[in-house]
Amino acid sequence: MAPGEEVNPLNELLQPRLNEGAVPAAEVMALGLYHPQHGYYRRKEGPWGFAGKDYYTALDLGPLLGQTLALRLEAAWERLGRPARFTALEPGAGRGWLGRDLLNAVSGPFAEALIYVHRDDNPAARHAAEAALAPFLQANRARFASETDPLEPFTGCVFSNELFDALPAQPWRWNGEQWAREVLAASGPEWQAADPGEAGVWFAAQTDGLEPGDGSIWCEALPGLVRELSRALEAGLFLAVDYGESADRLLAKGADLRRFKAHGVDGLWHEDLGEADLTSDVDFTRLAHVLEGEGLTSLSHMELSRWIRTHAPLDAWGAQWMGLPAPDRMKRTENLLQLTLPGMMGSRFRVLEGWKGNEG
């Protein structure tokens, strides 16, 4: 180590494991993101935004995602028969900006029924959300829930934005004869032959035939989280916005882990542990399969750009924006283009929707 160079505490914690043998990539990802003291998602300063930050989300571009979400939730409320209480739970809620934009967009009887629940134990997220949601917290239209507290049954919606891509995931590759998993060895990352178990059965069922180089990611924690969230939802909408693709497309492209740091993206997932974000594509086929097993129906997923064009009254919004000052009108237009034009953010995300329970 060079003089003056700081010791990475997670590397120090990992070294005894590496001395005994290679560590699966998913375990390294879990350590880097969720270690109680040094994990990336346990830091006091948030990574979201532009200058000096690691990445931005659709929420940094403007309120249109939240406004479209408001329309989908109000439609779900209508479908349920307009219950007096409609709980909107957001796990992995981050800064609370999506909840803020949602609450700002609703009005009338639906606004009176809607209660937003922010669920995220990230200290930076909680601090930012307290500011973003302050007027709604004071009016008892929003509240916080800890990830360690059991969820009480409710009617309404579970929605998330970039939640499932942050779950620890294990990359696998098929070399033409056997499966190998990516690991971190003392000399660096490498691929080692291993039995994929349930993951191998799933991959094989998603393709007509494996080719050398095919591969995907396997998220062990996915069923448990989906089960926890969906079982608390007695009736209503389950909606997830995330990076990802269908299982067959992920296999064909060889999905793996990504590192986000200072707005750069690469595959160096083993570097800067605790100081960089680590993500993976979401297998939307498997997510829908797990939700179906929990009793959800009408499951489908599509590009975020198509979802916006399908559900948002773009012509009406455009007419409303004409009355705004020029700078505000330009910001709304740029927000819309980012979410709907090919090759922009809207084409890199997908939205999954599913339904649970009886209609009102």
Side-chain angles (χ1 to χ4, degrees), residues 1-2 5-15 17-18 22-60 92 94-95 120 122-125 160-173 180-192 213 215-222 241-245 250 253-283 345 347-350:
M1 185 171 60
E5 183 178 348
E6 294 186 7
V7 174
N8 183 311
L10 294 183
N11 286 345
E12 293 291 298
L13 289 171
L14 194 57
Q15 195 57 52
R17 291 279 312 277
L18 293 174
V23 181
E27 295 184 26
V28 178
M29 181 177 179
L31 182 71
L33 295 182
Y34 297 106
H35 185 273
Q37 284 79 45
H38 309 298
Y40 185 75
Y41 292 152
R42 296 297 179 258
R43 301 189 308 173
K44 294 183 179 180
E45 182 180 352
W48 319 277
F50 296 103
K53 301 298 182 178
D54 288 331
Y55 61 87
Y56 64 89
T57 74
L59 307 177
D60 292 284
R95 297 165 287 178
D120 195 325
N122 179 336
S160 63
N161 180 46
E162 297 191 59
L163 168 68
F164 295 105
D165 69 355
L167 296 180
Q170 178 60 52
W172 289 89
R173 286 287 181 278
R181 65 177 178 178
E182 193 167 19
V183 300
L184 182 62
S187 58
E190 59 184 53
W191 294 88
Q192 292 185 353
S216 191
I217 49 84
W218 182 257
C219 180
E220 195 70 37
L222 180 68
V241 182
D242 235 312
Y243 275 113
E245 271 290 359
L250 292 182
K253 84 171 190 176
D256 52 16
L257 302 185
R258 292 184 296 267
R259 178 185 72 156
F260 283 77
K261 186 172 185 180
H263 295 281
V265 185
D266 56 39
L268 302 177
W269 53 268
H270 58 290
E271 296 187 2
D272 303 311
L273 291 180
E275 301 170 8
D277 193 22
L278 301 175
T279 71
S280 69
D281 285 291
V282 174
D283 183 340
M345 177 173 280
S347 64
R348 299 195 295 271
F349 283 83
R350 299 189 75 78

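This one's a predicted model, so the numbers in the text were calculated from it and none came from an experiment.
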Contacts of L10 that satisfy side-chain contact (heavy atoms from CB on, under 4.5 Å) - sequence neighbours left out:
N8, L13, L31, H35, H38, L273
Those residues at least two apart in sequence (or on a different chain) that pass side chain to side chain donor-acceptor pair (under 3.5 Å) with E220 are W218
Could you work out, with side chain to side chain donor-acceptor pair (under 3.5 Å) as the rule, every residue matching Q37, not counting sequence neighbours?
none
Residues forming a side-chain contact (heavy atoms from CB on, under 4.5 Å) with E12, sequence neighbours excluded:
V7
Test log, rule salt bridge (Lys or Arg N to Asp or Glu O under 4.0 Å), inputs R95 and D120
CA-CA 9 Å; R95 297 165 287 178; D120 195 325; over 6 Å; no
L257 side, atom CG; I217 side, atom CD1 - distance, nearest 0.5 Å
8.5 Å
Name all residues meeting the side chain to side chain donor-acceptor pair (under 3.5 Å) criterion together with D272; count only those two or more places apart in sequence or in a different chain, and write none if there are none.
R259, K261
Pairs in or reaching into residues 181-190: which pass side chain to side chain donor-acceptor pair (under 3.5 Å), with residues at least two apart or in two chains?
E182-W269, E190-Q192
Please evaluate residues L278 and Y40 with respect to the criterion side chain to side chain contact (heavy atoms under 4.5 Å, CB included), reporting the C-alpha separation (whole Å), side-chain torsions for both, the decisive distance (0.1 Å), and the verdict.
CA-CA 9 Å; L278 301 175; Y40 185 75; over 6 Å; no
Filter on salt bridge (charged side-chain N to carboxylate O under 4.0 Å, His left out), then keep only pairs touching residues 23-32, sequence neighbours left out; what's left?
R17-E27
What salt bridge (charged side-chain N to carboxylate O under 4.0 Å, His left out) pairs are there with at least one residue in residues 29-38, not counting sequence neighbours?
none
Decide side chain to side chain contact (heavy atoms under 4.5 Å, CB included) for L33 and D277; before the verdict, give the C-alpha distance in whole Å, the side-chain angles of both, and the deciding distance to 0.1 Å.
CA-CA 7 Å; L33 295 182; D277 193 22; 3.8 Å; yes
Those residues that, when tested against R173, pass side-chain contact (heavy atoms from CB on, under 4.5 Å) (two or more places apart):
W191, D256
With sequence neighbours left out, what residues match S160 under side-chain contact (heavy atoms from CB on, under 4.5 Å)?
P91, L163, F164, A240
Contacts of E245 meeting side chain to side chain donor-acceptor pair (under 3.5 Å) (sequence neighbours excluded), chain-then-number -> R249
Euclidean distance, L222 CG relative to D283 CG, rounded to 0.5 Å
8.0 Å
For the residue pair A25 and P171, what are the closest heavy atoms and their distance?
CB-CD, 3.8 Å
